[in-house]
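Worksheet for the structure shown next.
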Amino acid sequence: MGVFPYKKCHRLTRRQDFVRLSHRGPRAENSWFIAAFRPALGPETRLGVTVTRKVGCAVVRNRIKRLVREYFRLHRHLLSPPHDVNVIAKAVAKNADNATLFAALEDIFGRVGKAASR
RNA sequence: GCAGGAGACCGGGCGGCCGCUGGGAGGGAAACCUCCCGGAGGAAAGUCCGAACACCACAGGGCAGGGUGCUCCGUAACGCGGAGUCGCGGCGACGCGAAGGAAAGUGCAACAGAAAGCAAACCGCCUGGCGGAGAGAUCCGCCCGGUAAGGGUGAAACGGUGCGGUAAGAGCGCACCAGUUCCCCGGGCGACCGGGGAAGCUCGGUAAACCCCACCCGGUGCAAGACCAAAUAGGGGGGCGUCACGAGGCCGGCCCGGCCCAUGCCCCCGGGUAGGUCGCAAGAGGCCGCGGGCAACCGCGGUCCCAAGAUGAAUGGCCGCCGCCCGCUUUCGCGGGAACAGAAUUCGGCUUACGGGCUCCUGCCCCA
RNA sequence: GGGCCGUUAACUCAGUCGGUAGAGUAUCUGCCUUUUAAGCAGAGAGUCGCGCGUUCGAGUCGCGCACGGCCCA
């Protein structure tokens, strides 16, 4: 396994997982994203990305999802103990460039990390 | 040089690091790892048509409903394409056209106008009659009629011009022109075109109003559908026969019509949700050559060129160099920009969005 | 993936068979009242989502787009 993998076991793949996060559970928020999270059931920290049609067309939504995944791939190991995280993009995210979104993700994962380690 | 028209084409390139994903090979008990090959578009979009494929329905007939609508070709098929015909637009290159039928029937036409569809008399014009005025010519009023040439209204008013004709007029008659129908000759597969003749005088618009005519169309869609199969709950399916005569149900638009029923006997053990596997990626393909055809396209041969397959859903991120465009700058260089847009069963079209250069053609102007 | 509907005044909606686009609320003005509310009278306001076509004439008919919403599995 490489240093920064992103395999299927690192993703939320069931509707159940998303529903579980959307109900109760802590959230972190800034101008571009909302993150819903709670301690993982398995041994790995897992990611889900939610970008609704309100955000933009398919090209815009794909770009945002890829950026979120890329950031998660490089920084997943910083989150301990393992958590399930769902990152939801706000509609204004379509206007931000890649560097801005990476900064926003750094901010929001920082908040998640702080809350998770407590 | 400016303004335009048509056609075909491209949709940045190379490299490094970190990743995702399909297939193949190898290793491993497994998680997984290593290597090799592949991984968004001309529109992948809108879902407007047509098919392939799958399941459901289906004896047959009729009605309804929907679609198409000049001709001939092409195609698996099409509402698509090609070549033509006619009409319209443009100086032109060229473009556009749901382009069958209004002498089958029904309907509609506000306002204006006398009248809007078996024509019609408001004004005007004219013969005649009555009354009045006047010396008279004649004028005025009313009435019975004639008249579509003139006026005004309207999107549209029942051919146009001229001559004759008449009380005034009128295709009432004649000549030419336009149109309609029919006949003949020639060309074309055909739409239709060219020429000649006759008749009748002329028969309006709207079918993207109902409708008529010709041709086509069963429904639903890969979340179709097939297979494997936890937990939970206990039932489900098939065949044959007897009875039956109308209340009900079914036949997936409706009707004619057809079937089911109450019950008996026999046979089978499976059905199905979560989840998984398949469907699911190698063909109505591209290119080259030859042949046929004006062309769309077709036939034959070759090439082995290309051919993604996810399923909370991959095709990415960061960086360097080069090329293109813009701004600043004498140059060097610096900074910025690069459109529309992301496969979801697969093809053929159409439509819409959008960056760029190329070739040919047209009109006008200038120079030689 | 497939299907259906809507878009008309600031807001909520009518508008049949094509013929001068209306109603209620809100706004403004006047009357009434000590004043406000209520009531009465009147006024303003519209690219009928956009484009092309059919027609003498289109909110209405046809086609192509845009935006919004809903349904099925």
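- Going from the P atom of G53(C) to that of A109(B) covers 27 Å, rounded to whole Å.
- The CZ-C1' distance, from Arg76(A) to C18(B), rounds to 14 Å in whole Å.
- Legend: residues meeting salt bridge (Lys or Arg N to Asp or Glu O under 4.0 Å) with Glu106(A), ordered by chain and number and at least two apart, are absent.
- For Lys7(A), no side-chain nitrogen or oxygen approaches OP1 or OP2 of C32(B) to under 4.0 Å.
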Nucleotide N/O to protein N/O under 3.5 Å, stretch nucleotides 24-31 of chain B:
none

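- Out of A313(B), G342(B), G276(B), the shortest distance to the side chain of Arg14(A) is found at G276(B).
- For Lys94(A), there are no salt bridge (Lys or Arg N to Asp or Glu O under 4.0 Å) partners at least two apart in sequence or on another chain.
- Under 4.0 angstrom from either OP1 or OP2 of U21(B) there lies no side-chain N or O belonging to Lys8(A).
- With centroids closer than 5.5 Å and planes inclined by less than 30 degrees as the test, Tyr6(A) and the base of G19(B) fail to qualify as a stacked pair.
- Annotated as anti: A57(B), whose glycosidic dihedral deviates from 0 by more than 90°.
- For Asp84(A), the salt bridge (Lys or Arg N to Asp or Glu O under 4.0 Å) partners two or more places apart in sequence, or in a different chain, are Arg20(A), Arg46(A).
- Look at the P atom in both A282(B) and C9(B): the space between them is 25 Å, to the nearest Å.
- Rounded to the nearest Å, the gap between the P atom of G342(B) and that of G41(B) is 14 Å.
- In this structure, U331(B) makes no Watson-Crick or G-U wobble pair, since no nucleotide meets both defining distances under 3.5 angstrom.
- If Ala58(A) and Phe18(A) are placed on RNA chain B by their nearest nucleotide, the residue sitting closer to the 5' end is Phe18(A).
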Q.
Please encode protein proximity along nucleotides 315-320 of chain B as a string of B, S and -, counting only heavy-atom distances under 4.0 Å.
A. BBSS--
Q. Reading RNA chain C 5' to 3', what string of ( ), [ ], | and . shows its pairs, if Watson-Crick and G-U wobble pairs count only when both distances fall under 3.5 Å?
A. (((((((..((((.....[..)))).(((((.......))))).....(((((..]....)))))))))))).
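- With both pairing distances under 3.5 Å, U345(B) is matched to A52(B) as a Watson-Crick or G-U wobble pair.
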